[in-house]
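One is the number of the first residue; the rest follow in order along the sequence. What you are looking at is a predicted structure, and each value in this text was computed from that prediction instead of being measured. First listed ligand is number 1; within each ligand, the first listed atom is number 1.
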Amino acid sequence: MYNKNAQKMDALHTFYHIILVISNVVHGLDWLIDDIPMQSTWSETRDGLGLLTNGLISKTFITTPDFACIDFYDNHTTFSSLQRSIEPEAVIMLDGIVYPIGGVLTNIPLAYLNRSAFAQNITRNENAFHLKSSLVTFDLTTPFPYTPRRGAPKNINWPPKGIHIEFNFTAPFWAPDFHKDLVVTVTYEMYDSVPGFSKWITVTALKPVPDIYVSFLSVEYLAVNMPWSPNGKGWLFVETDQPHGTNVVWGSDPASVSMPGSFEQTVNCTYETDHPVAVPIVNSLSSFKVHELVIASSDPERIALSKHRLFRLLAPHTQENPIFFHMTNQSSEAFRTVIDQMAEVGFEMLIYSFGSGFNIESEDEAYIKRMAADIRYANSKNIEVGGYDLIALTRRTAVDWMAIDPSTMQPSGNACFASDWYDFLLKRMMTFMDRTNLSMVETDGPYGGYPCASTNHSHHTDLGDSIYKQNTLQAQFYTTLRKRSIYINQPDYYFYSGGSRTGMGYNENQYSLPRWQDISVSRQGMYDDTYQRIPTAGWMFVPLVDYHGGGEAAAFEPLTEHIVEYEWALAQYLGAGVAACYRGYRLYDSLETKALVTKWVSFYKKYRDILISDIVHVRRADMQGIDSFMHVNPKLDYKGLAMVFNPTQTSIDMNLKLPLYYTGIPDKAMVREQEGQFIEYDLDRGYNIEVPVHLKPLGITWFLIQQSVD
Ligand SMILES: *[C@@H]1O[C@H](CO)[C@@H](O)[C@H](O)[C@H]1NC(C)=O
Ligand SMILES: *[C@@H]1O[C@H](CO)[C@@H](O)[C@H](O)[C@H]1NC(C)=O
Ligand SMILES: *[C@@H]1O[C@H](CO)[C@@H](O)[C@H](O)[C@H]1NC(C)=O
Ligand SMILES: *[C@@H]1O[C@H](CO)[C@@H](O)[C@H](O)[C@H]1NC(C)=O
Ligand SMILES: *[C@@H]1O[C@H](CO)[C@@H](O)[C@H](O)[C@H]1NC(C)=O
Ligand SMILES: *[C@@H]1O[C@H](CO)[C@@H](O)[C@H](O)[C@H]1NC(C)=O
Ligand SMILES: *[C@@H]1O[C@H](CO)[C@@H](O)[C@H](O)[C@H]1NC(C)=O
Ligand SMILES: *[C@@H]1O[C@H](CO)[C@@H](O)[C@H](O)[C@H]1NC(C)=O
C-alpha cells in the first residue's frame, strides 16, 4: 500500500537497518548541543509496521486493518512511550456526520498498550475514513520563501530539513455520495535533529460538490501517559500555529472509558468550542498546524531552550534584528536630521511612530511623493523605514466592514478582517509600499479572535466561519507582506505566518514610571519573558520623550542630563539582543551621548551573533545585588556572553557562578571580561564556573566565553 515498487521497499529495509546502527550514535547526544548525525526517515518493516523517526523520536503505525498510530516513542531522553492507547488520526464532521479518520476498534484496556492483547483483537472501524494512499518526500512546506538578512544568522536552513509524509483517506461505503468525492489528507512533517513534528489535515473535493460544511473536531487527539501531560510533568509541548480560534485542550479520559484506578491523560487539538468552525468547502480546506515537541524535561531552562529551537526552525525570520528608532515627528526636516544621526551611530531602521501623523493608507499624491523622497534619503544611508497602522482590533472603518457582535447584532468596536476591509487595507498598504519603498510595518491591533455575525461580508458566510476566516486572512495578510521581505511588528503571535516581533516583558504603564523604576522592572520583565521568546522576537521601549504619561520623571530627554540612565537602557536592551523602541526625535544631544550610543551599538554589531542567541538565566534582578543573564550558542566560536549589572548604590565584589552546560563547552572555558585577557577556567561537575565580579555602584560589565583550545 505504501510503496509502489518492491525495489524501493528493499532499499528502505536496508536503510532501516542503517538507522538502527546510527541510532547508537544518536544515543548519548544532546540535540540542544550536539550535531545529530541522522536524517528523518519513513520505513516499513516486513510485519506491516510503518516507522517514522528522526532518531530522537519515533511514531509507529499499523496499516491493516486500517491506518493507526500504535506508538509515539521518546528515543532520546526517557526511552519510553508517550502514547498509551490507539485513537483515530483525526476527527472531522461533514454536514453533521462525525467521521473518525483512520483508527481501529479494539477492546483492550486504555491505561497502556498491551501489544499481544491488541494483536488478538483489532477490527476496522466502519464509521471511519479509510487509508487509500500515501506519499513520502523530503521537501517540507513553508508559507513563504526566506533568505537571511537584517542580522539573522546566515546558516538558516529553509525549508527546514526533514521528512514530509501524507496519508490520504476516503469515505466509508455508507457515506452520502458527496462525501465520497472528498479526500482527507493527514500530513506529518518530522524535522531532522529536533524531537518534534508538525501535523495537519486537509479536505479536498475531487470534483465540484455542492457546499459541504466541514468541521475539524480534532486535528490531533492523543492518549498520553501521565508524565507527558501538564497534569503530570508536562514533558510534551503542543501548540498550534495560529494565535486565535484554536485550542490545545489537555484533559483525561472519561471514567467510562478509562481503567478503574488510573488517571489517563489526553490532549485534543481543536478549534475553539464556543464557535465551532463550519466552513463550506470550495476546493480544499486546511486545518491549523499542530506542533509537537518532546521536551522530556521539567527544567525551566531546558524547556525554554527547546521551544526556542523549534521556534527558530519554523519562524526563521524572527531572528532578524534591526536596531531601530521610533520617530515621533514626521516632518522631512526632523526626519532627515534623525536619519543623519542614525547613520552616524549605526542604527538600521526607523519607524514613524504612532502619534507622528504617519498615514500608510493615504492616497494624497503630495504626501506619498514627500514620503518617497524622505525614504529614498534614508535608504541612501542604508537605513530602512517603516510605519505604524491600526488594522483590526479597535479599528473603526466604514460601518459595513465592522464586525457584528453576535449578542447585540450591532457593529462591535472592531473591523471584520473577513470583509472588504481586508482587500481595501492590503491594497492601500501595498500601493504605499510600492511607491515609497517602505519596508517595515507596525500593525497594531491585529485580528484578535473575535467573531462576526454578519451575513454579507465578502470573505465569510456567517458567524460559523467568521473566526476561521478572519484568522486565515490575518495570517495571509502577514504572509503576503513577508513574501516581500517586509519586517513586521505585531503585538500578537502571528509568527508562523510572517510576524517578526511582539512586545516583550512589559505593560505599557511601566514606561511612565520614573526612569530607574522603568529600567529595573523592564529588566526583570525581559528576563522573565526570555523564557517564552527568543530575544529577537520581542521589543521593549525607551521613552526618550514622554510616552503615555509620567512626564519629566519618565522621559530620558534631555539625554545628556540623564546619561547614566540612558547608558543602562542601551546596555540592558542591546546586551539582551532585544530591540528597544527608542521613541523620540533624536538619538543624542551632545558628543557624550553620541559616544555612548556609538559604544553600545558597536558592541552589539561586534558580538551580534552571540547577542541574538538564546538566554540562560543566571540571576534575576532583585536590586539587592548584581543580576545577570547569559547568551549561549554551542554552534559559534563565542559560545557565551554574560551581561552583569549592579543596580545598587554600593560597590560589589563577588564570585558569580555561570552555568555553561548549554554553551556546549565540555571541560575548559576561556573567559574574558570585556576586551581584556582570556583566563582559563575548569568547569565543575555541573558545567559551572565562577568568575570574579568587581562592580562599582551602577556598574555594568560583560564576560565573553570561548572553548579552551588545548
Ligand atoms: C525508536 O524507538 C522505536 C520504538 O521503540 C523503535 O522501533 C525504533 O527503532 C527506535 N528508533 C531509533 C532510531 O532508535
Ligand atoms: C474484540 O473487541 C470488540 C470491540 O472492539 C468486542 O466487541 C469483542 O467482544 C472483542 N472480541 C474478543 C474476542 O475479545
Ligand atoms: C497482555 O495481554 C495478554 C493477552 O491477552 C495477557 O495474557 C496479558 O496478561 C496482558 N498483559 C498485561 C500486562 O496486561
Ligand atoms: C491525496 O489526495 C490529494 C487530493 O486529491 C492529491 O492531490 C494527492 O496527490 C493525494 N496523495 C496521495 C499520496 O495519493
Ligand atoms: C475534541 O474537541 C472537539 C471540539 O470541542 C470535540 O467535538 C470532540 O468531541 C473532542 N474529542 C474528544 C475525544 O473529546
Ligand atoms: C517637528 O520637527 C520640525 C522640524 O524640526 C519642527 O519645526 C516641528 O516643531 C516638530 N514638530 C513637533 C510636533 O515637535
Ligand atoms: C528599498 O529598500 C531596500 C531596503 O529594504 C533597499 O535595499 C533598496 O535599495 C531600496 N530601493 C530603492 C529603489 O531605494
Ligand atoms: C449588510 O447587513 C447589514 C445588517 O447586518 C446591513 O445593515 C447592511 O446594510 C448590509 N450591507 C450591504 C452592503 O448589504
>> Is it the case that the side chains of Tyr146 and Arg482 hold a donor-acceptor pair, with the cut-off being a distance below 3.5 Å and no angle test?
In response: no
> Are Thr240 and Thr246 linked by a side-chain donor-acceptor pair shorter than 3.5 Å?
Replying inline: yes
> Which ligand 5 atoms, with their elements, are less than 4.0 angstrom from a heavy-atom of Ser218?
Replying inline: 1 (C), 11 (N)
> Side chains of Glu442 and Tyr487: is there a donor and an acceptor less than 3.5 Å apart?
Replying inline: no
> If you draw the axis of the six-membered ring of Tyr112, does the NZ or CZ of Arg84 fall within 45° of it and under 6.0 Å from the ring centre?
Replying inline: no
> Do Asp364 and Ser362 get their side chains close enough for a donor-acceptor pair, meaning under 3.5 Å?
Replying inline: no
> Any luck finding a side-chain donor-acceptor pair between Asp66 and His130 under 3.5 Å?
Replying inline: yes
> Just checking, any donor-acceptor pair under 3.5 angstrom between side chains of Gln265 and Ser229?
Replying inline: yes
>> Side chains of Thr443 and Gln490 only: does a donor on one sit below 3.5 Å from an acceptor on the other?
In response: no
>> What I want to know is whether Tyr221 and ligand 5 share at least one N or O pair that is separated by under 3.5 angstrom.
In response: no
> Which atoms of ligand 7 are found less than 4.0 Å from any heavy atom of Ser439?
Replying inline: 5 (O)
>> Distance under 4.0 Å to a non-hydrogen atom of Asn268: what atoms of ligand 5 satisfy this?
In response: 1 (C), 2 (O), 3 (C), 8 (C), 10 (C), 11 (N), 12 (C), 14 (O)
> For ligand 7, which atoms sit closer than 4.0 Å to a heavy atom of Asn379?
Replying inline: 1 (C), 2 (O), 10 (C), 14 (O)
> What are the atoms of ligand 5, with element, lying closer than 4.0 Å to any heavy atom of Leu217?
Replying inline: 1 (C), 2 (O), 3 (C), 4 (C), 7 (O)
> At a 4.0 Å cut-off, with the gap strictly under it, does some heavy atom of Arg150 reach an atom of ligand 7?
Replying inline: no
> Of the backbone atoms (N, CA, C, O) and the side-chain heavy atoms from C-beta on, which set of Met440 has a member under 4.0 Å from an atom of ligand 7: side chain, backbone, both, or neither?
Replying inline: neither
> If you measure every N/O of Arg376 against every N/O of ligand 7, is any gap under 3.5 Å?
Replying inline: no
> Considering residues at least two apart in sequence or located in another chain, which fulfil the side-chain hydrogen bond (donor to acceptor under 3.5 Å, both in side chains) criterion with Trp250?
Replying inline: none
> Taking the six-membered ring for Trp, are Tyr271 and Tyr468 ring centroids under 6.0 Å apart?
Replying inline: yes
> Which parts of the protein, at residue level, reach under 4.0 Å of ligand 3 through a heavy atom?
Replying inline: Tyr112, Asn114, Ala117, Gln120
